[in-house]
Amino acid sequence: MSAPIDWHARAAALSLNGQAFIGGRYVPALSGKLFDGINPASGKVLAQIAACDAEDVDRAVKVARAAFESGAWSRMAPRERKKRLKAFAALIADHTEELALLETLDMGKPIRDSLAVDLPLSAQCIDWYAEAIDKVYDEIAPTAPTAVSLIRREALGVVAAVVPWNFPLLMAAWKLGPILAAGNSVILKPAEQSSLTAIRLGALASEAGIPDGVFNVLPGFGETAGQALGLHMDVDAVAFTGSTEVGKYFLQYSGQSNMKRVGLECGGKSPNIILADAPDLDAAATSAAWGIFYNQGEVCNAGSRLVIEESVKDRVVEKVIEVGGAIRVGDPLDPATEMGAMVDARQTERVMGYIEKGVAEGARLRLGGKRIVADGCFIETTLFDDVTSDMTIAREEIFGPVLATIAAKDIDEAIRIGNDTTYGLAAAVWTRDINKAFKASSALRAGVVWVNCFDHGDISSPFGGFKQSGFGRDKSLHALEKYTELKATWINLG
Ligand code: NAD
């Protein structure tokens with residue numbers, strides 16, 4: 001048996017690169033400006049990161065455009081793109097331990113999750129699009145015999161991927177897989193809280209044979225690098241994952257510039273509905289606890305509103321408290337840790353503010369509610385009971401380990417409560433009655449509805465939102481629609 005990994009020793013031995021990756025090489029920001037990448041678990045500076053801004057964006061867009069026009073990638077046979085993307089996926093898998101460590105240091109999630117979830121799913125995602133791209137056919141329209149209409153999908157050109165910090169590598173992979181498979185050039189802008197894995201990907205993409213200029217990484221702030229990408233006249237599309245607030249900015253940027261395509265994967269306030277006839281109430285409650293506390297609650301589709309049929313509410317809440325209270329919160333580099341640090345001090349303050357509001361508005365605090373160390377970024381697993389839909393903690397996305405439980409007298413009320421939100425990313429219903437399951441899954445306005453499970457999925461199944469959770473889909477072949485333009489070529493045979 002191999003010795004357990006000493007993650008702290010590995011972390012101490014790291015030498016970290018914070019530069020941008022443009023045109024196949026690492027470069028500083030043109031201004032020379034840097035910002036601190038901070039480990040939220042210790043509060044210490046991890047690395048100095050290049051603070052790219054509008055002039056770096058301009059440089060990267062020119063390089064990405066030239067690579068696209070050269071055809072080195074965009075006109076490469078799909079089978080060859082597939083080979084190189086598969087090599088890219090294999091390199092990500094080969095570097096699992098290194099990338100998992102970077103992810104955990106940068107944003108505070110437990111190393112066990114980075115290793116078991118983020119890394120394998122990221123590699124698998126790139127590999128899936130690689131495998132798919134030489135099997136996707138175009139169409140011929142059923143016209144009269146006097147014409148042939150070829151309906152083809154063409155790559156867009158230069159696509160910017162602007163991603164959040166909660167699953168830095170995985171959210172990037174959901175964009176990069178279909179963007180690159182379709183033949184586009186890409187500029188990846190990681191969130192300023194979590195630049196390290198994105199930066200590391202640059203070298204791996206090069207090593208995999210992705211031509212220079214096709215894959216670029218620009219670390220920097222949202223208000224500078226992010227905005228400049230959104231406003232750039234030669235960026236053809238933005239693939240965004242992040243908050244609804246910033247998603248709306250990207251719609252404005254598009255209108256103020258070149259009407260670039262915008263795909264938005266935004267926030268959520270997902271209802272997890274447990275009916276009295278759930279097949280196994282304890283299993284449902286256990287899943288509900290993990291559905292909010294996994295990844296410190298920093299999950300877009302977290303089941304942050306637990307809607308429970310009145311007759312079983314107390315029993316379910318007790319079980320959620322038991323499971324949630326036993327979750328091990330602590331050092332993200334300890335392999336036994338199940339919940340790590342919040343991403344930064346600002347997010348910690350924000351979540352604590354919501355907890356205070358919950359108490360002030362009259363919800364009953366039944367679990368947690370405090371920081372674990374007075375000034376640190378660790379928050380206890382927290383549950384509020386007797387929440388009503390008008391309370392702030394039931395309406396706004398908290399993005400932390402805070403669960404609101406709400407009683408419903410029957411399925412109709414549960415569905416009404418479930419839909420009483422501006423968001424529509426995900427929902428779940430637990431029942432052994434197929435008719436109720438189908439009724440709820442049809443009535444709930446969300447991009448995915450789980451029946452008798454929570455947060456299950458596969459790269460083959462689309463993911464994305466209704467309402468203000470955004471539009472366009474990540475994952476599955478549908479994601480290719482965001483990164484291609486439909487062209488009809490009408491050939492007159494008459
Ligand atoms: P955020 O919106 O603050 O930032 C996301 C990205 O946008 C970052 O790269 C950031 O630098 C950039 N950005 C910020 N302000 C900008 C501006 N003014 N102009 C241009 N770019 C700007 O989100 P976050 O705090 O990083 O992530 C949390 C949010 O992401 C939550 O709302 C969560 O629900 C959402 N999310 C959604 C999904 C999904 O698939 N729907 C997945 C993960 C996270």
Side-chain angles (χ1 to χ4, degrees), residues 35 37 40 49 51-54 57 106-107 109 118 121 125 160-175 187-195 198 217-232 235 238-254 256-257 260 262-270 292 294-304 342-344 346-348 350-351 396-400 421-426 446-448 455 457 462-476 479 482:
F35 67 96
I49 312 288
C52 295
D53 57 25
V57 165
D106 224 4
M107 65 71 65
K109 70 170 67 197
D118 299 66
L121 291 186
C125 170
V162 179
V163 297
W165 46 259
N166 61 337
F167 292 89
L169 195 58
L170 185 58
M171 294 303 101
W174 284 7
K175 309 296 186 202
I187 299 168
L188 171 63
K189 196 208 85 63
E192 48 272 38
Q193 297 88 341
S194 57
S195 315
V217 184
L218 277 190
F221 291 94
E223 297 75 7
T224 49
Q227 186 184 71
L229 284 165
L231 287 171
H232 203 285
V235 169
V238 169
F240 173 75
T241 298
S243 60
T244 292
E245 183 192 352
V246 176
K248 289 180 183 180
Y249 287 144
F250 275 100
L251 291 174
Q252 292 179 23
Y253 300 152
S254 169
Q256 288 162 16
S257 58
K260 56 178 64 64
V262 178
L264 300 177
E265 296 283 350
C266 299
K269 193 75 191 172
S270 301
I292 181 66
Y294 175 67
N295 209 49
Q296 304 72 243
E298 296 163 331
V299 180
C300 52
N301 58 257
S304 50
M342 306 303 298
V343 70
D344 59 16
R346 192 163 146 255
Q347 181 67 4
T348 310
R350 203 175 152 260
V351 173
E396 296 183 12
E397 184 182 45
I398 299 175
F399 225 56
T421 171
T422 54
Y423 294 111
L425 191 55
V448 56
D455 203 9
F463 185 83
F466 282 27
K467 303 199 276 183
Q468 292 188 42
S469 289
F471 49 81
R473 293 292 179 266
D474 280 338
K475 303 168 73 185
S476 83
K482 288 199 292 196

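Computed from a prediction, not measured in an experiment: that's the story for all the values here. For the single chain, residues carry numbers from 1 onward in sequence order. Order of listing sets the numbers, starting from 1, for every ligand and every atom in it.
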Subject >> Plane angle bin for Phe240 and Phe250 - parallel if under 30°, tilted between 30 and 60°, otherwise perpendicular >> reply: tilted

**OP:** Verify whether one side chain among Asp455 and Asn301 offers a donor that lies under 3.5 Å from an acceptor in the other.
**Re:** yes

Original post:
Could you go step by step and tell me if Asn166 and Val343 meet the side-chain contact (heavy atoms from CB on, under 4.5 Å) rule?
Top reply: CA-CA 8 Å; Asn166 61 337; Val343 70; over 6 Å; no

Original post:
Do Gln227 and Tyr253 touch side chain to side chain, with heavy atoms closer than 4.5 Å?
Top reply: yes

Original post:
Measuring from each atom of ligand 1, which residues have a heavy atom under 4.0 Å away?
Top reply: Val162, Val163, Pro164, Trp165, Asn166, Met171, Lys189, Pro190, Ala191, Glu192, Gly222, Gly226, Gln227, Phe240, Thr241, Gly242, Ser243, Val246, Tyr249, Phe250, Tyr253, Glu265, Cys266, Gly267, Cys300, Glu397, Phe399, Leu425, Phe463

**OP:** Looking only at non-hydrogen atoms, find the nearest pair between Gly268 and Ser469 and report the distance.
**Re:**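 Heavy atoms only, the tightest pair is CA-OG, 4.1 Å.
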
Original post:
side chain to side chain contact (heavy atoms under 4.5 Å, CB included) with Tyr423: which of Glu396, Lys467, Glu397?
Top reply: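 Output: one option passes, namely Glu397.
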
